[in-house]
**Student:** 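I am attaching a structure below and will ask some questions about it afterwards.
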Amino acid sequence: MPRGATGNTRAAPIGSEMLTSEKYRSIFDYACDAILIYDMNTGAILDANDKASKLYGYTLSETRTADFGKLSAGWYPYNSEGAMERIRQARNDGQQLFEWLARDSFGRLFWIEVNFNRAEIDGKDVILAFVRDIAERKKTEQRLALQYTVTRALSEAASLTEATPLVLQSICEHVGWDHGEVWFVDTEKSVLRRSGEWNCSSEFCTISRNMTFARGVGLPGRIWAEERPIWITDVANEPDFIRITAASEAGIHAAFGFPIRSEGSIIGCMIFFSRTVQAPKHDLLDMFQSIGSQIGDFIKRKQAEEELRNYAAELERSNKELQQFAYIASHDLQEPLRTVSGFVELLRKKYQGQLDEKADKYISFAVEGAHRMSTLISDLLAYSRVGTQAVGFGPVDMNAVIKQAIDNLKVAIQESQAVITSDDLPEVTGDRTRLVQLLQNLIGNAVKFRKTDAQLQIRISAGAAENEWTFGIHDNGIGIKAEYFDRIFVIFQRLHPREAYAGTGVGLAICKKVIELHKGRIWVESKPGEGSSFYFSLPFPRPIAEA
Ligand code: ADP
């Protein structure tokens, strides 16, 4: 990067007779790097090439007579004393490679990489310094370091509220400023509202907490309106700085802020304050453009996560409430229903045939209705019990579960003359009672939805996949159309009229709930007229405490 005047006078080297030959002088001047030659003992510059004079913005003769301190930032280790230490090390080790904060003739600071080599030229012990401007590299490094710091702060925070002060702190520490604040757009009121701060204890912060800024007003409002980072060298000289009294009491001078951008629009801004006057650093402002978007994306993601978490919690709460309601309602309905069915049954027994034909019909409708309602209520109760009652997980032998389920269905199975075969089944971790209920429903359905013109065959299978068991209940019954594969697991969903097949449509919904409790999956494969296979998976046994 060329810096200022070159002063390329081709004057004879000062202080030595080195490189007298024109040929070598040209090579020296045309080298890609700035080259300086130092006296190894005193640190005085003996010679410098054209590139060096361009880099530092001095004429060639000024460069050759400069000392290390003049070409450096001016404070330790970037001064003559620090440079002498490097020269001494190069004298001992033969070489030194290091980064250095240099200063040019205009007072601008910039980073260089210096390669010191001990050499002997014309019998004189010297240090040859190859110097390269690494401002761009440093800028990239600084941007990456800041991005890394901000990303770390963002990723370590569990929530947005936790993330904000961490981000403010990491930026403040990185740029060496005193405190920071964050403002978010309140879309309803069209103002910016303060939503977080770091390292802020003065009155300036107390008043800021309760302030709002409209678009274009004050520093936050200007960043919002102009959609760009803004730097104020000293707020004392800024007529638009609204919080000036509190700021000067708090000793605040410089300020800079950048917009937080998400999906193309400004959602807020971050502002930082320093107790010293600070000249604008354009690299820093450029860098914060991209960091502002990074923070905006994070905020949007966190907000979405938080919304999702709240939604899930709300859903869980309302599900629990609904389950509780279903349980209480079905439980409490049983009692008056028992009275109704008891009395209509009595009515039927006592008065059937004694009244007219119509009355007999009405009574039988009432008995049938009460009976159906009682089945519905007890099925609903069974369904809500799956979710409301405690789960007793333990090792369960699935062979015993099948045996129990078949035993419970003894009468229906005998009636259907079903032939049931089963693989040797594994042991799982689960709630035995609920697993019996699951198998009883599935085998019960296989029996119920059998074909009238074929011998019913039911086969129970088990297979191991990556980390779970898959069980199958296969029948050669009436089958199910593929379009109903999902619907049948929804409560009260049936595919047939009551007259064709009795039932309430609760059985498979119970199966689904039982399987979900066990962190497994349930599904069906079937072809109408050929039979159905109901599958469910259960994770491999885990330690009981974990389950
Ligand atoms: P229900 O048996 O009380 O009707 P389920 O929830 O157990 O309720 O089943 C829902 C529907 O799924 C049944 O009405 C039936 O149409 C269908 N179904 C379930 N199991 C089978 C099966 N093994 N074969 C054919 N259809 C079945």
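Both counts, for ligands and for their atoms, begin at 1 and track the order of listing.
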**Student:** Can you figure out which of Y501, F534, F449 has its heavy atom closest to atom 15 (C) of ligand 1?
**Tutor:**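 Residue with the shortest heavy-atom distance to the ligand atom: F449.
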
**Student:** If you round to the nearest 0.5 Å, how far is CD1 of I491 from CZ of F489?
**Tutor:** 14.0 Å

**Student:** Please work out whether the ring planes of F288 and F256 are parallel, tilted or perpendicular, with thresholds of 30° and 60°.
**Tutor:** tilted

**Student:** Where is the nearest protein heavy atom to atom 4 (O) of ligand 1: which residue, which atom, and how far?
**Tutor:** R494 NE, 2.7 Å

**Student:** Just need the protein heavy atom nearest to atom 23 (N) of ligand 1, so name the residue and atom and give the distance.
**Tutor:** D475 OD2, 3.0 Å

**Student:** Do the rings of F471 and W469 sit parallel, tilted or perpendicular, given the 30° and 60° boundaries?
**Tutor:** tilted

**Student:** Specify the protein heavy atom at minimum distance from atom 19 (C) of ligand 1: its residue, its atom name, and the distance to 0.1 Å.
**Tutor:**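 Nearest neighbour among protein heavy atoms for atom 19 (C) of ligand 1, to 0.1 Å: N445 ND2, 3.5 Å.
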
**Student:** Can you see which heavy atom on A462 is nearest to which on D423, and at what distance?
**Tutor:**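 That would be N-OD2, 3.2 Å.
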
**Student:** Considering non-hydrogen atoms of the protein only, which is the closest contact for atom 26 (N) of ligand 1, and what is the distance?
**Tutor:** I480 CG1, 3.3 Å

**Student:** What residue and atom, counting heavy atoms only, is the protein's closest point to atom 10 (C) of ligand 1, and at what distance?
**Tutor:** Q493 O, 3.5 Å

**Student:** Taking the minimum heavy-atom distance to atom 8 (O) of ligand 1, which of G477, S526, G531, G505 ranks first?
**Tutor:** G505

**Student:** Enumerate the atoms of ligand 1 whose separation from the nearest heavy atom of H496 is less than 4.0 angstrom.
**Tutor:** 16 (O)

**Student:** If the threshold is 4.0 Å, N to carboxylate O, is there a salt bridge linking K519 and E516?
**Tutor:** no

